[in-house]
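Numbers here are sequence positions counted from 1. Quick caveat: nothing in here was measured; it's all calculated off a predicted structure. Computation of the quantities below employed the complete heavy-atom set of this structure, encompassing side-chain atoms and omitting hydrogens, waters and symmetry-equivalent molecules.
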Amino acid sequence: MTDKTLEPSMEEIRLMLENAGLGGYWEKLKQHIRPGFYMVPTIIDEEKIEVGTSKIGGHPDVPSTFNWPSWKDHHMSFLAQINLEEFPMNSVDLEYPTSGILYFFYVYDSDLYYDDDAYDSDSRNNNVVYFAAETSDLIRMEPPKDLMESQIFKSALIEKKIELTIPDGDYLDANKLIKDKGDLEKYSLEFRSNFFETYDQGIGYRFLGHMTPLQFGGHPSDEILLFQADSDDEIGMEWDLSGLLYFFMEKDDFKKSFFENVYTSRVGT
């Protein structure tokens with residue numbers, strides 16, 4: 001993967017904010033610039049992927065005691081596994097876990113999304129983020145037989161890039177970080193537009209950092225984006241017409257490796 005330019009530094013972001021006439025907000029906003037990982041998938045035969053390696057799709061490498069999750073009577077699809085030892089977690093937050101594997105599951109069924117109003121409203125139960133602290137004895141688990149081929153995604157290795165990410169104007173508005181409507185508009189139309197013209201932080205798969213907003217980018221400041229799944233024809237994922245699927249959780253829960261309260265948001269284009 002090639003960068004459009006060098007990755008942004010805090011000083012470069014400060015200067016961009018100042019050039020947009022928003023320098024007075026720097027002390028407040030710098031606390032909300034978050035490092036995260038942009039991930040580019042490459043389709044590969046899963047037999048060539050070592051058990052326990054971070055990947056998108058394929059079959060999960062889980063402890064033998066793992067039970068495949070479901071929502072009501074619908075088995076979930078396996079989206080990704082993130083092996084924290086492969087990521088420089090201390091570069092993001094010294095209190096974040098640095099070992100173990102995160103597994104992401106979600107029902108992949110467009111008929112269910114549109115026919116059962118309860119599904120999306122049950123955003124804290126319609127997903128499972130499973131955490132395996134012990135990774136020395138893993139098996140590559142076959143999915144349940146009732147999952148169709150379209151609900152089992154192609155396996156892909158991921159290339160990881162750490163980068164500083166900035167919040168969306170909706171986030172600043174929701175958390176009352178910029179109250180002046182004119183300054184909010186200047187942030188979105190001038191500063192943020194210039195940022196993304198300068199730094200190639202595209203839509204895609206993300207682990208931590210700020211979400212890529214499609215329709216709305218606001219959420220409480222004590223919550224973090226845990227994982228962002230992209231639509232990808234090769235892998236077989238499509239979230240409401242080329243949209244995105246987000247997993248959010250409280251920052252303190254992530255520090256404690258507690259994943260019972262993760263919730264999801266699925267947004268189409």
Side-chain angles (χ1 to χ4, degrees), residues 34 36-41 43 56-58 69-72 74-80 82 102-129 147-156 158 165-175 184-185 187-189 192-193 195-197 200-220 223-249 261-269:
R34 295 177 176 172
F37 301 94
Y38 184 69
M39 302 184 295
V40 178
I43 300 290
I56 305 291
S70 61
W71 181 83
K72 294 185 177 180
H74 303 275
H75 277 115
M76 296 183 181
S77 291
F78 167 64
L79 307 186
I82 301 291
L102 290 170
Y103 305 84
F104 296 86
F105 292 85
Y106 188 82
V107 175
Y108 190 70
D109 186 338
S110 58
D111 290 338
L112 178 67
Y113 303 158
Y114 303 122
D115 295 342
D116 191 332
D117 292 338
Y119 184 74
D120 284 336
S121 63
D122 197 19
S123 62
R124 292 189 185 274
N125 297 307
N126 67 7
N127 73 91
V128 163
V129 176
L147 282 181
M148 297 182 294
E149 183 178 354
S150 62
Q151 295 173 307
I152 302 168
F153 304 118
K154 298 292 190 298
S155 58
I158 50 179
T165 65
I166 61 172
D168 184 64
D170 290 329
Y171 174 95
L172 303 183
D173 189 25
N175 292 287
L184 271 174
E185 186 172 305
Y187 178 90
S188 297
L189 297 181
R192 203 164 174 277
S193 294
F195 181 88
F196 286 110
E197 285 176 5
D200 189 15
Q201 299 193 337
I203 296 174
Y205 293 91
R206 291 188 175 277
F207 173 49
L208 302 174
H210 279 289
M211 66 189 289
T212 306
L214 292 182
Q215 296 183 24
F216 181 71
H219 60 86
E223 295 177 352
I224 59 170
L225 171 73
L226 182 63
F227 179 63
Q228 173 181 295
D230 196 8
S231 292
D232 188 299
D233 289 339
E234 278 194 283
I235 291 173
M237 290 185 192
E238 182 186 48
W239 308 111
D240 291 351
L241 299 177
S242 301
L244 296 171
L245 175 67
Y246 309 102
F247 289 72
F248 295 101
M249 70 182 299
N261 292 324
V262 175
Y263 72 93
T264 58
S265 177
R266 193 183 65 255
V267 180
T269 53

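Contact between Gln151 and Ser77 at its shortest, heavy atoms only, is O-OG, 2.6 Å. Across all their heavy atoms, Leu226 and Phe104 have their closest contact at CD2-CE2, 3.6 Å. What you find for Arg124 and Asn261 is that their closest heavy atoms are NH1-O, 2.6 Å. Between Ala174 and Gly218, the shortest heavy-atom distance links the atoms CB-CA, 4.4 Å. What you find for Ser188 and Gly169 is that their closest heavy atoms are OG-CA, 3.9 Å. Between Asp230 and Trp239 the shortest heavy-atom distance is O-NE1, 3.2 Å.
Within 6.0 Å of the CG atom in Asp117, the count of heavy atoms belonging to other residues, nucleotides or ligands does not exceed 12.
Side-chain atoms of Tyr246 and Leu214, non-hydrogen and from C-beta on, do get closer than 4.5 Å to each other. Annotation: side chain of Ile82 is in contact with side chain of Ile158 (closest heavy-atom distance under 4.5 Å). Considering only heavy atoms from C-beta on, Tyr187 stays 4.5 Å or farther from Asp173 through its side chain. Annotation: side chain of Leu244 is not in contact with side chain of Met211 (no heavy-atom distance under 4.5 Å). Counting only heavy atoms from C-beta outward, the side chains of Met237 and Ile56 approach each other to under 4.5 Å. With contacts defined as side-chain heavy-atom distances shorter than 4.5 Å, the pair Arg34/Ile224 qualifies.
Applying the side-chain hydrogen bond (donor to acceptor under 3.5 Å, both in side chains) rule to Thr212 yields the partners Arg206, Gln228; only residues at least two apart in sequence or on another chain are considered.
Formation of a donor-acceptor pair under 3.5 Å by the Trp71 side chain with backbone atoms of Asn127 is not found in this model. A side-chain donor-acceptor contact under 3.5 Å links Tyr113 to the backbone of Val107. A donor-acceptor pair is defined here as one N or O able to donate and one able to accept, closer than 3.5 Å; no such pair exists between the side chain of Ser155 and the backbone of Gly58. Judged by distance alone, with hydrogens and angles left aside, the side-chain atoms of Tyr38 form a donor-acceptor pair with the main-chain N or O of Ile203 at under 3.5 Å. Checked by atom type and distance alone, the side chain of Asp168 pairs as donor or acceptor with a backbone atom of Asp170 at under 3.5 Å. Judged purely by atom type and a 3.5 angstrom limit, Asn175 uses its side chain to pair as donor or acceptor with the backbone of Tyr171.
Between the NE2 atom in His75 and the CG atom in Asp109 there is a gap of 13.5 Å [rounded to 0.5 Å]. Atom CG in Leu184 sits 12.0 Å away from atom CZ in Arg192 (nearest 0.5 Å). Expressed to the nearest 0.5 Å, how far CG of Asp116 lies from CG of Asp122 amounts to 9.5 Å. His219 contributes atom NE2, which lies 7.0 Å from atom CG of Leu225 (distance to the nearest 0.5 angstrom).
Between Phe153 and Tyr108, the ring planes are perpendicular. Angles over 60° get that label, and only those under 30° would be called parallel. Between Phe247 and Phe227, the ring planes are tilted. Angles from 30° to 60° get that label. Ring pair Tyr119/Tyr106 is perpendicular by interplanar angle, where above 60° counts as perpendicular and below 30° as parallel.
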Exercise for review: Carefully, step by step, assess Met249 and Val129 under the rule side chain to side chain contact (heavy atoms under 4.5 Å, CB included).
Suggested key: CA-CA 10 Å; Met249 70 182 299; Val129 176; over 6 Å; no
Practice item. Assess whether side chain to side chain contact (heavy atoms under 4.5 Å, CB included) is satisfied between Phe248 and Val262, documenting all intermediate values. Key: CA-CA 6 Å; Phe248 295 101; Val262 175; over 6 Å; no
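Pairs engaging residues 233-245 under the salt bridge (charged side-chain N to carboxylate O under 4.0 Å, His left out) rule: Asp240-Arg266 [sequence neighbours left out].
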